[in-house]
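To keep things clear, I will list the structure first and then write my remarks on it.
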Amino acid sequence: MNQINLTINGRQITAPEGSTILDAAKQNGIYIPTLCYDEAVEVYGACGLCVVEAKGVPKLLRSCSALISEGMVIETESERVIKSRKIAMELLMSAHDGDCIAPCQLACPANTDCQGYVGLIANGEFDSALKLIKNKIPLPASIGRVCPHPCEKACRRAKVEEPVNIAQLKAFAADLDLKGDAYIPECKKSTGKKVAVVGGGPAGLTAAMYLRQNGHDVTVYDMMEKMGGMLRYGIPQYRLPKEVLDSEIAIIEKTGVRLCPNTKLGKDITIDSLKNENDAVILAPGAWKSTPMRVKGEDIDGVYGGIDFLRSVIQKKSVNIGERVAVCGGGNTAMDACRTAVRLGAKEVYIIYRRTEKEMPADEIEIKESKEEGVTYKFLTNPLEIHSENGRVCGMTLQLMELGEPDASGRRKPVAIEGKTEYLPLDSVIMAIGQKLDSSDFKDTIALTDRGTILADEDTFMTNIDGVFAIGDATNKGASIAIEAIGEADKCVKIVDAYLNGEKFDLTEPYLSKRDDDKIDVSGKEIKPRTVAKVLDANVRRSNFDEVSLGLTVEEAQKEAERCLECGCREYFKCKLLNVAQRYDINPARFAGELPQKYTADSNEFIERNTAKCILCGLCVRSCKEVINISAIGLMGRGFKTTVSPAFALPLDQTKCTNCGLCVDLCPTGALTEKSVLKKQVPLDEKYENVTVMINSKSCEFKVSHYGGKIIRAVPNNDNARDCRLSREKIIDEIKKAEK
């Protein structure tokens with residue numbers, strides 16, 4: 001066959017005469033996007049993405065149909081081509097109604113695949129669930145106990161009744177792992193690069209773990225006698241048993257991370273010394289200093305900072321709080337402080353909070369359990385002055401408050417009621433309103449913000465010193481929740497890894513399709529009450545530091561996991577539509593309007609169909625007609641309202657569909673998916689094997705994948721297989737015979 005010479009993107013290539021531009025490009029390893037093309041069917045040209053620019057040709061050519069000619073000069077990524085593709089993609093995505101990723105995962109600061117591990121738990125795949133969690137969280141048993149779970153706040157199950165108990169499911173999977181032969185992640189071959197991490201809290205340990213997995217040598221330095229940071233010294237034993245934390249830190253150490261406790265920056269090590277001995281330094285020192293309230297009398301004996309108080313108790317130091325204790329604050333640290341005071345024997349414990357219970361940032365369960373333990377709440381009050389007698393706290397004057405207009409946080413601002421106060425007799429006061437960095441060790445070396453935190457670039461985490469990065473509570477906006485520190489550490493690892501390799505990490509946020517929550521109808525969903533782990537009785541737990549939560553049983557965990565609505569798309573990892581969308585800086589919102597197809601699902605025993613995700617590429621219709629010769633589905637209607645549907649809108653199981661799976665295999669989106677034999681849809685790492693069977697004296701090849709000893713997918717892999725005309729059941733029978 002004659003070979004044609006042409007140039008694509010400045011590269012001279014050859015291709016057989018009669019080839020299309022798309023064929024020629026593919027044969028020479030040059031990528032041209034397309035969503036409506038497959039070799040098995042006739043050219044259609046519906047998506048408009050394969051356009052290219054040919055020198056001397058005024059209009060853009062569709063490469064799937066345009067034939068090559070001698071001397072042709074083609075540009076596949078010119079400015080004009082990219083502009084055309086962007087418009088095409090924006091039009092496609094503006095009519096595509098689907099979630100690439102579930103809202104729970106998007107709400108998690110660590111981007112944990114909540115839907116994935118919840119689905120695996122529902123299926124009883126507990127080991128796989130743990131491994132998926134550990135892709136993002138190296139301390140899942142600990143975090144599962146203490147995280148305020150922003151994922152659950154975004155869970156759409158709340159539209160039905162209550163959100164899925166994601167946090168306790170995470171702890172469940174991690175606890176099972178710790179009870180057995182604990183999973184230790186594999187590490188890549190050593191790169192010879194060395195990284196020092198200052199701070200052994202959740203941020204520092206996360207960075208260390210994932211850098212080690214990337215093959216770098218990592219040493220973690222911490223000023224305390226044991227690693228764990230605020231997970232150890234700021235969270236009481238009854239919420240997070242330190243034995244659990246110790247077990248998870250031991251796993252990190254087994255990966256090869258070197259831990260150096262009792263090592264203080266500015267005394268035992270300096271930033272300069274660490275820089276001289278390492279290729280990169282990550283600062284994650286945490287926020288160990290309690291924030292003052294600037295209230296008259298707060299320097300009196302018997303006034304404690306929230307973090308200082310909790311740390312002293314955990315270190316088993318003597319803390320004289322007396323019988324009447326007031327805790328000022330409304331967050332989880334205040335909850336930890338008041339419940340700890342109860343366990344230390346205080347007879348009267350008060351929470352002083354300047355807003356109402358509705359505005360409290362503390363977890364609802366923490367408030368509920370503290371009330372059960374006898375804590376008294378004094379809402380709409382604020383410390384005005386702390387009084388002393390014989391040099392020690394004897395009481396506090398409270399300013400009575402009322403709520404005014406919303407402030408920057410969205411909560412109504414508390415306003416003092418002039419002339420109205422209340423006196424409260426006390427033995428001690430605990431100020432639990434926040435914490436901050438002790439910046440004394442960083443002055444004159446690391447640039448600080450006006451707030452006294454480490455100034456780090458919010459994208460790259462780089463400080464003012466090259467090769468020195470900073471993450472966690474010590475940086476920029478200050479202290480936050482542990483899962484946010486872990487999320488920062490995970491992102492920082494990618495930046496540092498690129499830095500160590502002399503590369504730049506792409507900071508572009510990938511495009512994701514998201515549904516409009518306000519338009520989602522869950523009215524037909526079955527009501528399934530949330531399953532929560534049992535807890536110790538209040539009368540028992542208030543007198544000791546035993547763990548309050550008893551954890552989920554296997555039966556409870558699976559029952560709870562099955563409540564997941566599976567909002568995220570199962571085809572996320574292989575979606576061709578998303579792959580192309582993320583190549584270009586698109587803005588589908590500019591073409592937003594009424595969606596042509598409703599979010600409805602139709603299915604038979606093997607195939608699920610969701611028309612709202614359909615982009616009308618026509619591959620399913622054409623493959624069913626041209627390859628299988630059945631026409632079980634077709635394009636119905638005209639114009640904007642066109643849909644892909646069985647004739648007369650029949651259900652799939654009332655058509656001639658043989659469930660061959662070809663339409664599913666060719667679908668570039670999640671509009672057509674194969675029904676899972678599992679209870680839930682989970683991100684399977686599908687491993688296909690090629691099987692050849694003789695059907696009607698012809699050699700038919702199929703790509704076959706298994707799960708639990710069963711064939712869950714058989715995809716035609718040559719023309720004979722596509723033309724065999726057997727039902728899915730008969731094909732599987734033939735494959736089983738061949739495998740035997």
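Both backbone and side-chain heavy atoms feed into the values below; hydrogens, waters and symmetry mates do not. Counting begins at 1 with the first residue of the sequence.
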Next on the checklist: Quick check on side chain to side chain donor-acceptor pair (under 3.5 Å): which of Thr112, Thr206, Asp113, Asp490 does Lys136 satisfy it with?
Outcome noted: Asp490
Checklist entry - Looking only at atom types and distance, does a side-chain atom of Tyr377 sit under 3.5 Å from a main-chain N or O of Tyr353, one as donor and one as acceptor? => result no
Item to check | Non-hydrogen side-chain atoms of Glu357 and Lys371 separated by less than 4.5 Å | outcome: yes
Checklist entry - Checking Arg156 side chain against Cys567 main chain: does a donor-acceptor pair fall under 3.5 Å? => result no
Checklist entry - Can you find a pair of side-chain heavy atoms, one from Val295 and one from Val303, that are under 4.5 Å apart? => result no
Checklist entry - Checking Arg343 against Tyr238: charged group under 6.0 Å from the ring centre and within 45 degrees of the axis? => result yes
Item to check | Donor-acceptor contact present, side-chain Arg232 to main-chain Lys242, <3.5 Å | outcome: no
Checklist entry - Are the side chain of Asp427 and the backbone of Arg324 linked by a donor-acceptor contact shorter than 3.5 Å? => result yes
Next on the checklist: Using the rule side-chain contact (heavy atoms from CB on, under 4.5 Å), only one of Val493, Val218, Ile252 pairs with Met209; which is it?
Outcome noted: Ile252
Checklist entry - Got a sec: does the CZ of Arg258 have more than 12 other heavy atoms crowding it under 6.0 Å? => result no
Checklist entry - Would you say Lys153 has more than 12 foreign heavy atoms packed within less than 6.0 Å of its NZ? => result yes
Checklist outcome for this item: Closest non-hydrogen atoms of Ile249 and Met227, given as atom of the first, atom of the second and distance, are CD1-O, 3.4 Å
Next on the checklist: Tell me if a side-chain donor or acceptor on Thr475 pairs with a main-chain N or O of Ile471 at a distance below 3.5 Å.
Outcome noted: no
Checklist entry - Can you tell me if Arg411 uses its side chain to pair, donor with acceptor, with the backbone of Pro361 under 3.5 Å? => result no
Next on the checklist: Can you tell me how the ring of Phe309 sits relative to the ring of Tyr304, calling it parallel under 30°, perpendicular over 60° and tilted otherwise?
Outcome noted: tilted
